[in-house]
Amino acid sequence: MVEKKIAYTKKEALDFLANHDAYIIAGGSDMMVIKKNVAGYAPLFDKDVLYVSHIKELANIYEDKDGVHIGATATMHEIEHHKLCPSLLRKAISEVASTNIRHFCTLAGNIGNASPAGDTIVIDALLDAKVKLESVDGVRLVDAKDFVLGVRKIYRHPNELITELIFPKIEYTGELWFKVGSRRADSISKVCFAGYYEVKKNVVTKFACCFGAVAIRPARSKELEAKVVGLSLEELKAKQPQIAGDFAQIIAPIDDQRSNKEYRQTVAMNIFNKFIDDIVGGAK
Amino acid sequence: MTSIKFRLNGKDVAVDLDPSMRLIDVLRDHFSLKGVKEGCGEGSCGACVVLMDGYSVNSCLLPLANVEGHEIVTIEGFKETKQFDVLQKAFAEVGGSQCGFCSPGMIIAAQSLLSHNPHPTEEEIKAHMSGNLCRCTGYQAIVQAVEIASKKGAGLW
Ligand SMILES: Cc1cc2nc3c(=O)[nH]c(=O)nc-3n(C[C@H](O)[C@H](O)[C@H](O)COP(=O)(O)OP(=O)(O)OC[C@H]3O[C@@H](n4cnc5c(N)ncnc54)[C@H](O)[C@@H]3O)c2cc1C
Ligand code: FES
Ligand code: FES
């Protein structure tokens, strides 16, 4: 018999996970679709289930020396409207699913779901966020970019709960979030892109970008980013085709029901070039 | 089976059902609230939208477990309010409802918007209502209906 537990405190959740290999449900916007049954019947779960959305102590959003901490049960709606949260994250969230769904789905659920088309995992990777995992054995911090291992695969031990995501504070002068989907709501990304930069005295002093939905995991190369830092805006303009060519190598789009790989490759690089044009043109 | 308690249309209720049941099934089958419609069953159409603590949510995605202790209002409960009256008249005035299948979800989504943003711009209305699909009206009338309700119901929200 499958056991179903509603946790009200973190301790209750961790104690349950210590003794049960369980599905975790936060908002349920992924899990309730994946486990859907026919109308009128409860979804089918082949193992125990832990409901975490009532854990209030994990709904906090606060800032300390490590950055902004976003609790695992805070809803996307709360994050979208919270001034402390990074602006790129808020922009990306404003285009996740629909307002109705954002009223109850979570950021932890988005990375927990590990879909290649997940939007916020691109921001997590770009902003060097850390995933905090807790169990009865202790606490672990994992870089968000290493947490997603593959399609619906994450680096979580069965007794662990994601308790928060931590975003270090990053100062920069310009940013871009760009999502291509088929309609405004329920628009799963065909391609998405996030980037930030800083330009001082005509020289690029910070540069980072990450592509989504064009590889199994968010695609970012700190090595290639480092080659852009230090270039003057004129040099950046002159080297743009070569730089774009290098970045094109880090993505590996596939054909699926939403679009084909050629379309994705072209659109991804068009957005990348727009990002470079923004920098060269002095856009904020 | 654990007993799940919540407020439904202004009354305290308790149900002894599987906590993983979808809220939509509990509302339609257990409480006979048939104004909650099932279109897609996957979060895409908004026909099943109800208010949870004043915010529109898709009842086809919500497990009963997540509703414990919260306040749920369906179109049947909302029908008793002045705000409903204004919204219903506005939808009727511009033809914002034709076959009517999407209308309970549309009205609930509009209430969620107006109660947090009483004077939304056209862009804000479109963005907010984009999770609710309509096969009949072509949306323009729905956006207009929300604009009219916002004006005629000024002070209510
Ligand atoms: C119609 C529709 C449109 C959508 N559109 C988008 C979109 O545009 N962009 C996008 O990125 N996503 C989209 N999604 C997917 C989904 O809404 C997001 O992935 C959402 O963030 C999931 O959050 P949740 O809390 O509802 O997750 P749940 O379904 O509760 O959980 C998702 C996964 O995360 C795990 N999990 C959740 N919380 C924890 C925790 N604390 N610790 C460990 N594991 C945890 C769960 O076990 C599960 O594997 C859409 C979904 C639907 C139904
Ligand atoms: S039935 Fe719930 S969104 Fe379509
Ligand atoms: S009026 Fe028919 S679906 Fe909207």
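Excluded from the calculations below are hydrogen atoms, water molecules and symmetry mates; all remaining heavy atoms, backbone and side chain alike, are included. Throughout, protein chains are lettered first and strands after them, A, B, ... in sequence-line order, and every chain is numbered starting at 1.
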With a 4.0 Å cut-off, would you call [X] and [Y] a salt bridge?
X: B:K89; Y: B:E93; value: no
X: B:R28; Y: B:E38; value: no
X: A:D15; Y: A:K5; value: no

May I ask you to test the B:F84-B:I108 pair for a side-chain heavy-atom distance under 4.5 Å?
->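 Contact flag for B:F84/B:I108 side chains = no.
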
Under the ring pair (Phe, Tyr, Trp, His ring centres under 6.0 Å) test, which residues partner A:Y8, sequence neighbours left out?
->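 With sequence neighbours excluded, A:Y8 shows a ring pair (Phe, Tyr, Trp, His ring centres under 6.0 Å) to A:H54, given in chain and number order.
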
Find the one option among B:H128, B:M129, B:H30 whose heavy-atom pairs under 4.5 Å with chain A are most numerous.
->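 Heavy-atom pairs under 4.5 Å are most numerous for B:H128.
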
When only heavy atoms count and the cut-off is under 4.5 Å, which of [range] reach chain B?
range: residues 70-83 of chain A; value: A:H77
range: residues 26-48 of chain A; value: A:A26, A:G27, A:G28, A:S29, A:M32, A:V33, A:K36, A:A39, A:G40, A:Y41, A:A42, A:P43, A:F45
range: residues 107-118 of chain A; value: none

Counting only heavy atoms not in B:K34, do more than 12 fall under 6.0 Å of its NZ?
->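 Enclosed.
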
More than 12 foreign heavy atoms under 6.0 Å from CZ of A:R152: is that the case here?
->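 More than 12 within 6.0 Å, yes.
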
Choice from A:V52, A:I25, A:V49, A:I101 maximising heavy atom contacts with chain B below 4.5 Å =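 Of the options given, most contacts go to A:I101.
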
Separation of A:L89 CG from A:S94 OG (nearest 0.5 Å) |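 One gets 10.0 Å once the value is rounded to the nearest 0.5 Å.
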
